[in-house]
Amino acid sequence: MNVLIVFAHPERHSLNGALLDVAVRDLEAQGHKVQVSDLYRLQWKPAVDRSDFPDVGQGDRLKVASASARDFTAGNLTEDVKAEQEKLLWADTVIFQFPLWWFSMPAILKGWIDRVYACGFAYGVGEHNDKRWGDRYGEGKMAGKRAMLVVTTGGWPEHYSARGINGPIDDVLFHITHGMLFYPGFAVLPSFVAYRVDRLNEAQFADVSAQLCSRLRELETASPIAYRNQNGGDYQIPSMELLEGLEKSGETGFSLHVAAP
Ligand SMILES: Cc1cc2nc3c(=O)[nH]c(=O)nc-3n(C[C@H](O)[C@H](O)[C@H](O)COP(=O)(O)OP(=O)(O)OC[C@H]3O[C@@H](n4cnc5c(N)ncnc54)[C@H](O)[C@@H]3O)c2cc1C
């Protein structure tokens, strides 16, 4: 399997950097091929602006979606964006790894999405039943690929629980898992979340690393989150009985939480 890890942390000697090393070692030991896009090391340009679309004249109004569609179709997107798109097409599984910053991803990773997810590449793709939308939500260019978040938080697991003060972690991450991964077609696996990591000792680091490796070994087999498909599909509103049954069996399809001991 080909795995792309998009890594967003400014310090390579951070906890996230150490967990990245653990992940790459473990995936390669399983026989997978791994590419890492280390966004700070790449000095990734995060903001979409005129320089992304050189054919838009200085006096012309910039319309980002149409400029993006035109340059994607003509093969005129910038080389850094084209390189990341190639990696996405190469990958069977994509992992976004980042520390939770302000209930979301660091801006550099959001900027990677903004620029790499061009019109015609990640949205505005294809024509399905409803031509107003195109292919999205489980369909689209990334259909058939899997994706997962690897996230660290400063906050306590209880604060991200169902009634926690921060809100449930799956709600906090929904705009990423559903909006940025499921939308362009990925099957999204439950997120790996390591909580309360700011004062992790070596034993706790070993524990979190082991839990991460066990999740990585399930990349090809774990059930994706049962989001609703855009077109057709077999989605049905689940009954209370079904939800209760899933909860009892532990198969909720929601994130598996790892608390630092
Ligand atoms: C701008 C900003 C916004 C934030 N917003 C939120 C938020 O909304 N919600 C929230 O919950 N948290 C938030 N945080 C906290 C943030 O999520 C955590 O600080 C982050 O997840 C910690 O990850 P790190 O890789 O930066 O850890 P680091 O600071 O690099 O390391 C954390 C600890 O791990 C230890 N460690 C143990 N073993 C190793 C090893 N082998 N290698 C490296 N380190 C090791 C380090 O010694 C250190 O004590 C925010 C932080 C910032 C800076």
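All residue numbers refer to positions in the sequence shown, counting from 1. Whatever order the structure lists them in is the order used to number ligands and atoms, beginning at 1. Excluded from the calculations below are hydrogen atoms, water molecules and symmetry mates; all remaining heavy atoms, backbone and side chain alike, are included.
Counted by atom type alone, Ser14 and Asn16 present zero donor-acceptor pairs between their side chains at under 3.5 Å. Side-chain polar atoms of Ser37 and Lys87 form a donor-acceptor pair below 3.5 angstrom. Counting only N and O atoms by type, the side chains of Thr177 and Tyr227 include a donor and acceptor under 3.5 Å apart.
Summary of contacts: the protein heavy atom closest to atom 2 (C) of ligand 1 is Trp101 CD1, 3.6 Å.
Looking at ligand 1, you'll find an N or O of Gly155 within less than 3.5 Å of one of its N or O atoms. Every N/O-N/O distance between His13 and ligand 1 stays at or above 3.5 Å.
Val151 has its side chain out of reach of Phe96: every pair of non-hydrogen atoms, C-beta onward, lies at least 4.5 Å apart.
Counting the atoms of ligand 1 from 1 in the order shown, those under 4.0 Å from a heavy atom of Phe103 are 7 (C), 8 (O). The Asn16 neighbourhood of ligand 1 comprises atoms 23 (O), 24 (P), 25 (O), with distances under 4.0 Å to a heavy atom of that residue.
Nearest-residue assignment for atom 40 (C) of ligand 1 (options Ser14, Gly154, Ala18; heavy-atom criterion): Ala18. Around atom 9 (N) of ligand 1, the closest heavy atom drawn from Trp102, Tyr160, Phe205 belongs to Tyr160.
Figure legend: Arg12 and Phe7 shown as a cation-pi pair, the cationic atom lying under 6.0 angstrom from the six-membered ring centre and within 45 degrees of its axis.
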